Amino acid sequence: MLSGALSRPSLKHLISTCGDPHTLAQIHALMILTGSLSHPQSPGRLIAAYARLGDIAAAQSVFKTTSFPNVSTWNALIIAQSRHNSPAEVLRLYHLMLSDGRVRPDSSTFTVALKACAQLLNLETAEEIKSHAFVSGYEHDVFVCSSLLNLYVKCGKMDEAMKLFDEMPKRDIVSWTTMITGFVNVGRPLKAIGVYRKMQAESMEGDEIVMVGLIQACVAVGDVRMGRSIHGHMVRCCMKMDVVMETSLVNMYAKNGSLELAHLIFEQMPCKNVVSWSALISGYAQNGLASDALQMLVKMQECGLQPDSVALVSALLACSQIGFLKLGKTIHGYIEKRLEFDRILGTAVIDMYSKCGCLSSAHSLFSRVRLRDSISWNAMIASYGAHGRGKEALSIFLQMSETGLEPDHATFASLLSAFSHSGLVEEGRYWFDLMLQKFGIEPAEKHYACMVDLLARAGHVEEAHELIKSMVIKPGIAVWVALLSGCHKHKKLELGEYVAGKVLELNPDDLGIHALVSNVYAAGKKWDKVVEERKAMKKMGMRKVPGYSLVEVNGKLHAFLVEDKTHPQYEKIMEMLERLDYEMRKLGYIPKTEFVFHDLEEDVKERILCNHSERLAIAFGLLNTSPGTRIVIIKNLRVCLDCHDATKYFSKIVNREIVVRDVKRFHHFKDGVCSCGDYW
DNA sequence: ATAGGGTTAG
């Protein structure tokens with residue numbers, strides 16, 4: 001009775017619509033019984049159906065029991081492996097098919113095989129497949145050519161891709177999309193937008209996937225207005241929103257800092273996968289909203305999703321920003337248990353340990369992670385630099401060179417910055433020259449800024465000035481401020497006033513820079529200018545970022561603002577600070593009130609110094625940890641000279657190691673001295 | 001009949 005119902009057209013229909021493996025197996029059995037498997041198209045259909053339901057083993061077994069597989073049978077299995085994301089298996093089957101010799105690959109076969117090459121970045125095999133496809137008459141096949149385009153794009157060969165694209169007699173939406181996303185992915189978003197315009201000019205309308213590419217292009221060029229208009233276009237055209245499109249929109253708004261909007265779109269997504277979550281988490285983390293990022297990570301887990309490495313990298317970035325070592329360690333443990341370390345994860349963990357003050361953990365992980373690229377090396381160089389260990393930074397740099405990796409502009413920025421944090425003048429001069437002469441890297445503003453800082457701070461103010469004069473590019477504010485700082489430190493007042501003028505020309509919106517300018521004028525007794533600067537600062541002071549310090553105690557983060565009286569332990573903290581103040585005055589401490597920029601009486605200024613947020617944080621740390629425990633403080637501003645001085649005394653009086661990370665670098669205080677050697 | 005293009009990270 002059943003066999004009567006299973007005439008061929010309905011069998012075909014049954015196979016292609018069958019939704020569960022059990023029914024499919026029954027159909028399969030019937031096909032064997034009725035002999036309908038001998039129909040030339042049957043094995044292929046059955047293989048495709050098994051593959052669609054995810055049963056790759058059953059698909060393989062159908063293939064094996066087919067005595068003379070034809071092209072559609074071969075293709076079905078090859079496509080099944082491609083969908084199963086096994087590109088190497090695709091290529092193996094492709095070669096097996098060739099050596100079998102009884103069938104000739106067709107357009108589908110070549111297309112899928114080329115896709116596999118693109119996934120494996122295997123150009124060599126691709127060239128072989130390409131020539132085979134071309135002599136087989138598929139030179140102008142739009143599928144084969146699009147696959148080739150994609151291959152070139154994925155291998156970064158945009159010139160080859162462009163050449164092929166121009167030669168294609170027929171292009172469809174996929175060929176255009178491949179070029180658009182290709183240019184986005186090689187970092188040429190403007191070119192991608194140009195290709196889209198050309199596509200429109202040829203009366204081809206973009207579809208959903210094209211829009212995703214364009215959104216990425218907008219993210220890359222930071223063009224919010226265009227991004228919004230594409231979003232509008234998508235809505236106007238009633239495009240079918242799916243999780244990928246929504247995720248790229250969330251990402252676009254998040255990257256651009258419109259986190260409310262990003263969050264709104266995210267909330268309204270009917271289906272959220274790990275990638276959407278990660279896009280939002282990275283948006284928060286990259287905009288400095290560390291606690292929001294970490295809250296989203298928790299929510300993601302509450303929704304039953306396991307964070308992937310991308311989400312964890314963003315979470316680690318958030319931990320680094322706020323110095324949340326406890327959580328960073330937990331995430332590290334999670335990675336060790338459940339994931340594999342790739343370069344990016346490795347670098348993120350290294351960076352986290354370093355920024356949370358644990359340089360030795362950073363280095364031991366660095367030695368363990370074998371997959372290193374220039375970014376991983378650079379992270380380690382920068383870590384040693386930030387902790388004031390310039391010699392070690394150089395040694396890492398030399399090790400990197402030995403591996404054959406070429407240093408780039410970022411590597412030199414980290415290296416020169418490391419020298420400047422350690423006052424390694426000779427090394428700085430030597431490597432700065434070699435950067436251009438041996439490595440062919442033109443120094444950029446950031447490199448000059450490091451060198452000027454290094455030279456000027458070490459007293460070579462004239463040499464630093466000469467270096468600025470020799471610059472081909474226009475010196476920016478960073479360079480002039482570095483020189484000004486040196487002038488101030490070494491009492492080069494005449495030059496200082498000239499440089500102060502240069503700095504002011506560039507309209508600095510940083511309170512610290514105005515303070516420096518004001519101090520330079522004050523040293524030169526230019527009182528009218530001082531008054532002017534103070535006025536400017538008072539205006540800015542209204543909207544300046546308040547200083548805060550973070551300290552982790554017993555796995556919890558505690559934040560302190562300047563003069564924070566709301567803290568439950570405020571009384572005890574003040575008692576501790578008064579005791580320390582008494583002790584350090586006995587040892588010779590004198591408050592440096594010039595670092596309080598208000599018109600106040602001296603004793604009030606001293607009181608404010610005592611209330612600087614890092615002092616509250618240090619006192620709180622001392623009160624709530626056992627003797628001998630190291631204390632790590634994270635500051636959002638530079639540590640002031642007075643607090644720097646006071647912390648040295650604290651470390652001696654209480655016999656503790658105190659680590660302070662300010663916006664510029666790390667200070668390790670121990671036995672009354674700081675690792676920076678007062679060179680900062 | 002089927003095959004080619006899309007989302008997040010250091």
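To find a chain, count down the sequence lines: A is the first, B the second, and so on, and within it residues start at 1. What you are looking at is a predicted structure, and each value in this text was computed from that prediction instead of being measured.
- Contacts between residues 356-370 of chain A and DNA chain B, defined by a heavy-atom separation under 4.0 Å, are absent.
- Within 4.0 Å of A:Ile375, counting heavy atoms only, lies at least one base atom of the nucleic acid.
- Because its NZ or CZ atom is both nearer than 6.0 Å to the ring centre of A:Phe183 and within 45° of the ring axis, A:Lys191 counts as a cation-pi partner of that residue.
- A 4.5 Å side-chain heavy-atom check between A:Met269 and A:Val250 finds at least one atom pair inside the cut-off.
- In summary, contact between chain A and DNA chain B, defined as any nucleotide atom under 4.0 Å from a heavy atom of the protein, begins and ends at B:dT2 to B:dG10 in the 5' to 3' direction.
- A:Met245 comes within 4.0 angstrom of a nucleotide base, judged by non-hydrogen atoms across all strands.
- No salt bridge links A:Lys299 with A:Glu302; every basic N to acidic carboxylate O contact stays at or beyond 4.0 Å.
- When heavy atoms are screened at a 4.0 angstrom cut-off, A:Asp351 is found touching no nucleic acid atom at all.
- Within the 4.0 angstrom heavy-atom criterion, base atoms lie near A:Ser107.
- With a 4.5 Å cut-off on side-chain heavy atoms, A:His421 and A:Phe666 do not count as touching.
- Using a 4.0 Å cut-off between a side-chain N of Lys or Arg and a carboxylate O of Asp or Glu, A:Glu139 and A:Lys130 do not qualify as a salt bridge.
- Side-chain contact between A:Ser278 and A:Asp308 is present, with at least one heavy-atom pair separated by less than 4.5 Å.
- Using a 4.0 Å heavy-atom cutoff across all strands shown, A:Asp242 reaches at least one base atom of the nucleic acid.
- Here A:Glu208 lies out of heavy-atom contact (under 4.0 Å) with every strand.
- Remark: the backbone N or O of A:Phe68 is not paired with any side-chain donor or acceptor of A:Arg102 at under 3.5 angstrom.
- Nucleic acid contact class of A:Val142 (heavy atoms, under 4.0 Å, all strands): base.
- Among the atoms of the strands shown, only primed sugar atoms or phosphate atoms (P, OP1, OP2) are found under 4.0 Å from some heavy atom of A:Arg83.
- Within the 4.0 angstrom heavy-atom criterion, base atoms lie near A:Ser376.
- A:Thr17 contributes a side-chain N or O that, together with a main-chain N or O of A:His13, makes up a donor-acceptor pair within less than 3.5 Å.
- For A:Arg171 and A:Phe165, the positive end sits near the middle of the six-membered ring, less than 6.0 Å away and at most 45° from its axis.
- Here A:Asn75 lies out of heavy-atom contact (under 4.0 Å) with every strand.
- Heavy atoms of A:Lys154 sit under 4.0 angstrom from primed sugar atoms or phosphate atoms, though from no base atom.
- When heavy atoms are screened at a 4.0 angstrom cut-off, A:Gln216 is found touching the sugar-phosphate backbone but no base atom.
- Residue A:Lys355 is out of contact with every strand shown, counting any heavy-atom pair closer than 4.0 Å.
- Counting any heavy atom pair closer than 4.0 Å across all strands shown, A:Leu149 reaches no nucleic acid atom.
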